[in-house]
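Below: one structure, written as structure tokens.
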Amino acid sequence: MSRFQKILAAVDFSDSTPDALDAALALATVDASSHIHLLHVVPSPVPPLWTDEMPPLDLQAIEQSLTDSALKQLATLAVSRALDPASVTSAVVVGPAAHEIVLYAEAHGVDVIVLGSHGHGLVRRFLLGSVADKIVRQAPCAVLVVPHQTLRGGSALPPASSTPAIP
């Protein structure tokens, strides 16, 4: 029996999403009872507290539109990978990405969080921080960060059905 039965694949629909999902699927194939949680975090459209400008927009409508769109994208992603609907939960939450991913993992008793990294340089990561770095520091479980293609020299991960070689 696999230690990773509840697998959280945190996706942002960037070019690192397919690799992260492949890694989550590879973990899930080890145990037939594994369950994958597909999670997307929508940034809040509410402006920061330190701004004095309030846009004349219906922020709840914007948030709902972003959430609905993300749910459709998650459904499309699940169908494109032929995932069994009984073994997948799709969810969209609103807020700061790292914080919301950690909260979701805690609330659902997740065994591992899988996410892709971006190909940002060290200076940008140092100045802005990294969602992946924050999750690694705060997560209540194991975290698998799949490196961006540019950090791997462009090579892709093996498909979920193949067994990775152990050096």
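Scanning all heavy atoms of the two residues, the minimum distance from Ala105 to Ile113 falls at CB-CD1, 3.7 Å. When all heavy atoms of Gln5 and Asp111 are compared, the pair lying nearest together is N-OD2, 3.0 Å. Minimum interatomic distance between Leu21 and Ala9 (heavy atoms only, all atoms of both residues): CD1-CB, 4.4 Å. Here the closest non-hydrogen pair linking Pro140 and Glu106 is CG-CG, 3.4 Å. Taking each heavy atom of Val102 and Gln138 in turn, the nearest pair found is CG1-O, 3.6 Å. Here the shortest heavy-atom pairing between Ala91 and Leu74 reads O-CD1, 3.4 Å.
The line from CG of Leu115 to CG of Asp19 is 12.0 Å long, rounded to the nearest 0.5 Å.
Listed for the Thr76 side chain is a donor-acceptor partner under 3.5 Å among the backbone atoms of Lys72. Checking side-chain atoms of Thr67 against main-chain N and O of Glu63 turns up a donor-acceptor pair under 3.5 Å. A donor-acceptor pair under 3.5 Å is absent between the side-chain atoms of Ser69 and the main chain of Leu66, judged by distance alone. The backbone N or O of Ser33 sits nowhere less than 3.5 Å from a side-chain atom of Ser87 that would complete a donor-acceptor pair.
Ile135 and Val93 end up in the same hydrophobic cluster when Ile, Leu, Val, Met, Phe, Trp and Tyr side chains are linked at under 4.5 Å. Hydrophobic clustering of Ile, Leu, Val, Met, Phe, Trp and Tyr side chains at less than 4.5 Å, counting indirect connections, keeps Val131 apart from Leu103. Both Val136 and Ile101 sit in one connected hydrophobic cluster of ILVMFWY residues. Membership requires side-chain heavy atoms under 4.5 Å apart, directly or through other members.
The ring pair (Phe, Tyr, Trp, His ring centres under 6.0 Å) search around His108 returns His37, Tyr104, not counting sequence neighbours.
Looking at Leu27 and Leu144, their side chains come closer than 4.5 Å, going by heavy atoms from C-beta outward. Val94 is not listed as a side-chain neighbour of Val41, based on a closest heavy-atom distance of 4.5 Å or more. Residues Leu38 and Thr89 fail the side-chain proximity criterion, which asks for heavy atoms closer than 4.5 Å. Proximity of Cys141 to Val112: side-chain heavy atoms (C-beta onward) are nowhere separated by under 4.5 Å. Ile36 is listed as a side-chain neighbour of Leu25, based on a closest heavy-atom distance under 4.5 Å. For the pair His35 and Val88, the minimum side-chain heavy-atom distance is 4.5 Å or more. Contact check for Val42 versus His40: side-chain heavy atoms found under the 4.5 Å cut-off.
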Open item on the list: Does Val114 form a side-chain contact (heavy atoms from CB on, under 4.5 Å) with Ile7? I'd like the steps, not just the answer.
Closed with: CA-CA 7 Å; Val114 180; Ile7 302 165; 4.1 Å; yes
Open item on the list: Run the side-chain contact (heavy atoms from CB on, under 4.5 Å) test on Asp22 and Arg81 for me, step by step, so that the C-alpha distance in whole Å, both residues' side-chain angles and the decisive distance to 0.1 Å come before the verdict.
Closed with: CA-CA 9 Å; Asp22 284 345; Arg81 298 301 175 119; 2.2 Å; yes
